[in-house]
Amino acid sequence: GLFAFPSSAFTMATAAAASSSSSFSPSPLGAIGGPGSSLSAGQDSCLVEMIEELKRDHRTKLLDLFDEMAGRKALLLDSTIVGPLDSMFSSSDLKDHGVTTFIKISEQPATLQDCSQMIFLMRSSRVDLIDCIARQILADEGAGHDRNYLVVFVPHKTDECIERLARSNVQANVKVAECAIHFFPLDRDVLSLELPGVLADFHVNQNPSGPYHVAQALMHLQSKFGAAPTVHVAGQAAKVVHQVISRLRKEDQTAAHSQETRRSKSLIQPGVPPCPASVKLGAAAAAEGNAGPQQQPPQQVRKPLPATLPGIDEMIILDRRVDLYSVLCSQFTYQALIDMVFGITNQSVNLGQMSWAKSKSFEHVRLSSEEALYRDIRDLHIDKIGRLLQEWAQEVSRTYAEKDNIKRASEMSEYVKQFKTAHSAHSLLEIHINLASSIRDVVHHDDYRQQLKLEDEVTAQNAPSNLMETLEDKMDDLRPFEEVMRLLCLHSLVNNGVRKKELDNAKKVALETYGFEHLLTLCNMEKVGLLRYQQGRSAWANIKQKFNLFAEEDPISYAFSGYVPLSVRLVQMTKGRGGWKGCRDTLNLLWGTPEEHKQPEVDPPEPGRPLVSLVVFIGGLTYGEMAAIRKLSETEGNRKFLVLTTEMLNAKKLFNSLRYEGAFHEDTYLTSKAKPQAAPVRSGFGFWPGGR
């Protein structure tokens, strides 16, 4: 079995460990955080330091912005930003800076009393929320409330947002500001930009705003920790990011040069022309003559970065489209399976549909890496979860049993500390034991095992001849849309497409089963490269061989049970023999040929300064890939990875981002556009007042 104990009762998992000893001895539970703790305290200290520095920077920016409006104020938040902000702010922080009320922005205007100031905090990408803000302001005016309004756009304001405010007739009522909050920490080594749908926006809608926001975020990161000497890019979106970064760096250098020129001119006394460089007068000429040969003026010295902060050794920017295989392949780490079965949103999981969670009031559980238990088991293969949870349960039970062995008062204080730790671990253990048991029921189900069998046959290019019929049968059985499309798209990627007759028939069955709303979904899947008609010979066999993707002996492959994610292999190859330049023929097999660039005018890092590799995923990152990157860092030993992603992704989220059902509703376009301002009523022809 997958687990060595049932999930219904915590005591059954700990009964075997309740053995007494002759004297009290400190429990390792309180000393090292649990039996699964394999990381040393300082192993990821440089990554934690970088995350904390960014959190401090973002906190200071936003709270200083709140302080500009003195007194009591209400804060209305974009619903998509509430969860990510929880990782950096608490309710007490907001109250200390005058925020008495904080609610979500909604279509219905909020009724707030005793509030003379109102702040709206929203993403600049959610332009539709400006209509809600306008309704709130107009409702306040109708109710006779005299308030000051501040609209804060994250991370930057855009012309589209300002124009929407003007069209809503409220631009004169509000003060507009921007707050460059780019990063939302998801873990000790993971930052998210919280930009969902970048893959579809860029490759389907040809919208370059996603890569532009990524470039701005990377510029901010390099301003804090220094520029990376080497930049690796793979995919079209990654190349756009690099181009924008290069342009922004040139603009910054030009602006700095112009500012220095203006500063030097401002030192000249008004009315006195500057002295030519070739003319030296009086003491200056004598001093120069005594000094010997003319010396060059000192160049501008850049302000050095604090030596205590880590630096960036390299940037690896990956377009999600380069590796769509890893999103579609099954993942087997505990965290990835939680995301697959229940869905992880803002580091939390909703368990309201589980009976055991309702009875214990565990409907909403936060999955934080600050908890030693979860940090130890999140990246474990599902087969190893049961053993580790049992060891934790035994430690908790042993701590409880040691209360009978205390004989001296001096031992009591030490035991109380251990008891508090064990008591907090008790409830966490109960949650994860039941979570793991629920996941076990899913992965042991016949339907799931059949999917794994089909997936193995497809990736091995040994799919049965009736594969398309099997997938159509699944559609007829009303299996979830993303479940069937995952296998169909994996078959298309591996074989460089699907035969025209088979694909047309599969599309017809899909539309008949799931509704015509998915017509554009199928079109978007073709545009992003997931599904297409067969075109020539497949390169999958060469890709598997050249990149050694299926290697069970490779430690990195554990997260996918034998498959090494292509994205992680690309990261690993940057430090191989010759780097990416040394394996050009192999890289040419991929979509969007990877490239390696050197950033000009980058100062070398200070001696002894810790360095990290920055890995950027444009379009999303899976939890399985994150576990594989951590394993790669552990295997190499000398490289630490800070991962930046636009969002956390799985197969279900990928297909949902490609859905566009709104186009089939007649009133969508009409209601999304703001009402035009009414033209003034004129009499006559308008040439003069009161004319005809």
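Values below: all heavy atoms of this structure, side chains included; hydrogens, waters and symmetry mates excluded. No experiment lies behind these values; they were computed from the predicted model shown.
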Is it the case that the side chains of [Y] and [X] hold a donor-acceptor pair, with the cut-off being a distance below 3.5 Å and no angle test?
{"X": "Ser613", "Y": "Asp313", "result": "no"}
{"X": "His203", "Y": "Asp319", "result": "yes"}
{"X": "Asp93", "Y": "Ser90", "result": "yes"}
{"X": "Ser348", "Y": "Asn346", "result": "no"}
{"X": "Ser192", "Y": "Glu194", "result": "yes"}

Least distance between heavy atoms, [X] atom then [Y] atom:
{"X": "Pro84", "Y": "Arg123", "value": "CG-NH2, 4.2 Å"}
{"X": "Ser657", "Y": "Ala200", "value": "O-CB, 3.7 Å"}
{"X": "Gln331", "Y": "Ala336", "value": "OE1-CB, 3.4 Å"}
{"X": "Glu647", "Y": "Gly197", "value": "OE2-N, 3.1 Å"}
{"X": "Lys224", "Y": "Glu53", "value": "NZ-OE2, 3.2 Å"}
{"X": "Gly592", "Y": "Lys239", "value": "C-NZ, 4.5 Å"}

Who passes side-chain hydrogen bond (donor to acceptor under 3.5 Å, both in side chains) against [X], sequence neighbours left out?
{"X": "Thr333", "value": "none"}
{"X": "Glu526", "value": "Lys507"}
{"X": "His58", "value": "none"}

Do [X] and [Y] come within less than 4.5 Å of each other through their side chains, counting heavy atoms only?
{"X": "Phe183", "Y": "Lys55", "answer": "no"}
{"X": "Leu611", "Y": "Ile312", "answer": "no"}
{"X": "Val233", "Y": "Val241", "answer": "no"}
{"X": "Val616", "Y": "Thr645", "answer": "no"}
{"X": "Leu191", "Y": "Phe184", "answer": "no"}
{"X": "Thr521", "Y": "Phe655", "answer": "no"}
{"X": "Ile344", "Y": "Met648", "answer": "no"}
{"X": "Val198", "Y": "Leu193", "answer": "no"}

Fill in: Inter- and intrachain pairs under ring-ring contact (aromatic ring centres under 6.0 Å, His included), touching residues 124-179, at least two apart
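Non-adjacent pairs meeting ring-ring contact (aromatic ring centres under 6.0 Å, His included): His156-His182.
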If we ignore hydrogens and angles and just use 3.5 Å, is the side chain of [X] paired with the main-chain N or O of [Y] as donor and acceptor?
{"X": "Arg147", "Y": "Cys115", "value": "yes"}
{"X": "Asp78", "Y": "Thr80", "value": "yes"}
{"X": "Trp580", "Y": "Leu570", "value": "yes"}
{"X": "Ser223", "Y": "His220", "value": "yes"}
{"X": "Glu625", "Y": "Ser326", "value": "no"}
{"X": "Asn524", "Y": "Leu658", "value": "yes"}

Practice prompt. Just say parallel, tilted or perpendicular for the rings of His242 and His597, cut-offs at 30° and 60°.
Written response: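 The arrangement is parallel - the two ring planes meet at less than 30°.
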Can you give me every donor-acceptor pair (side chain of residues 173-181, partner residue at least two apart or in another chain, under 3.5 Å) with its distance?
from: Asn173; atom 1: ND2; to: Glu141; atom 2: OE2; distance (Å): 2.5
from: Glu178; atom 1: OE1; to: Lys157; atom 2: N; distance (Å): 3.0

Could you go through residues 95-103 and list every donor-acceptor pair under 3.5 Å that involves a side-chain atom there, pairing it with any protein atom two or more places apart or in another chain?
from: His97; atom 1: ND1; to: Asp67; atom 2: OD1; distance (Å): 2.8
from: His97; atom 1: ND1; to: Asp67; atom 2: OD2; distance (Å): 3.1
from: Thr100; atom 1: OG1; to: Lys73; atom 2: O; distance (Å): 3.3

Discussion item. Run the side-chain contact (heavy atoms from CB on, under 4.5 Å) test on Phe66 and Leu150 for me, step by step, so that the C-alpha distance in whole Å, both residues' side-chain angles and the decisive distance to 0.1 Å come before the verdict.
Written reply: CA-CA 9 Å; Phe66 289 166; Leu150 174 65; 5.8 Å; no
Fill in: Trace of the side-chain contact (heavy atoms from CB on, under 4.5 Å) decision for Leu76 with Lys104
CA-CA 5 Å; Leu76 278 71; Lys104 296 179 182 179; over 6 Å; no
Nearest 0.5 Å, please: how far is [atom2] in [Y] from [atom1] in [X]?
{"X": "Phe617", "Y": "Met626", "atom1": "CZ", "atom2": "CE", "result": "8.0 Å"}
{"X": "Leu218", "Y": "Ile317", "atom1": "CG", "atom2": "CD1", "result": "5.5 Å"}
{"X": "Gln222", "Y": "Leu248", "atom1": "CD", "atom2": "CG", "result": "10.5 Å"}
{"X": "Ile81", "Y": "Arg126", "atom1": "CD1", "atom2": "CZ", "result": "10.0 Å"}
{"X": "Leu649", "Y": "Asp339", "atom1": "CG", "atom2": "CG", "result": "9.0 Å"}
{"X": "Leu85", "Y": "Leu75", "atom1": "CG", "atom2": "CG", "result": "8.5 Å"}

Fill in: side chain to side chain contact (heavy atoms under 4.5 Å, CB included) partner of Leu328, chosen from Leu654, Thr622, Asn650
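Checked Leu654, Thr622, Asn650 against Leu328; only one passes side chain to side chain contact (heavy atoms under 4.5 Å, CB included): Leu654.
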Discussion item. Between Arg188 and Glu370, does any NZ, NE, NH1 or NH2 come within less than 4.0 Å of an OD or OE carboxylate oxygen?
Written reply: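 Answer for the salt bridge query: yes.
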Worksheet entry | Salt-bridge contact Arg375-Glu371 (side-chain N to carboxylate O under 4.0 Å) |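 Glu371 and Arg375: not salt-bridged.
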Heavy atoms of other groups near [X] [atom1], more than 12 under 6.0 Å:
{"X": "Arg72", "atom1": "CZ", "value": "no"}
{"X": "Lys653", "atom1": "NZ", "value": "yes"}
{"X": "Glu107", "atom1": "CD", "value": "no"}
{"X": "Gln353", "atom1": "CD", "value": "yes"}

Worksheet item: Step by step, would you call Asp323 with Arg320 a salt bridge (Lys or Arg N to Asp or Glu O under 4.0 Å)?
Response: CA-CA 6 Å; Asp323 179 21; Arg320 180 73 272 175; 3.4 Å; yes
Worksheet item: Does the salt bridge (Lys or Arg N to Asp or Glu O under 4.0 Å) test come out yes or no for Arg378 and Asp187, once each step is laid out?
Response: CA-CA 11 Å; Arg378 63 185 176 184; Asp187 213 314; 2.4 Å; yes
Fill in: Evaluation steps, side-chain contact (heavy atoms from CB on, under 4.5 Å), between Gln599 and Ile245
CA-CA 10 Å; Gln599 291 201 95; Ile245 289 177; 3.8 Å; yes
Practice prompt. For side-chain contact (heavy atoms from CB on, under 4.5 Å), just list the numbers for Val615 and Met315, CA-CA rounded to whole Å, side-chain angles, deciding distance to a tenth of an Å, and then say yes or no.
Written response: CA-CA 6 Å; Val615 185; Met315 279 198 303; over 6 Å; no
Worksheet entry | Option among Arg164, Gln136, Arg167 that satisfies the side chain to side chain donor-acceptor pair (under 3.5 Å) test with Asp131 |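 The side chain to side chain donor-acceptor pair (under 3.5 Å) with Asp131 is passed solely by Arg164 among Arg164, Gln136, Arg167.
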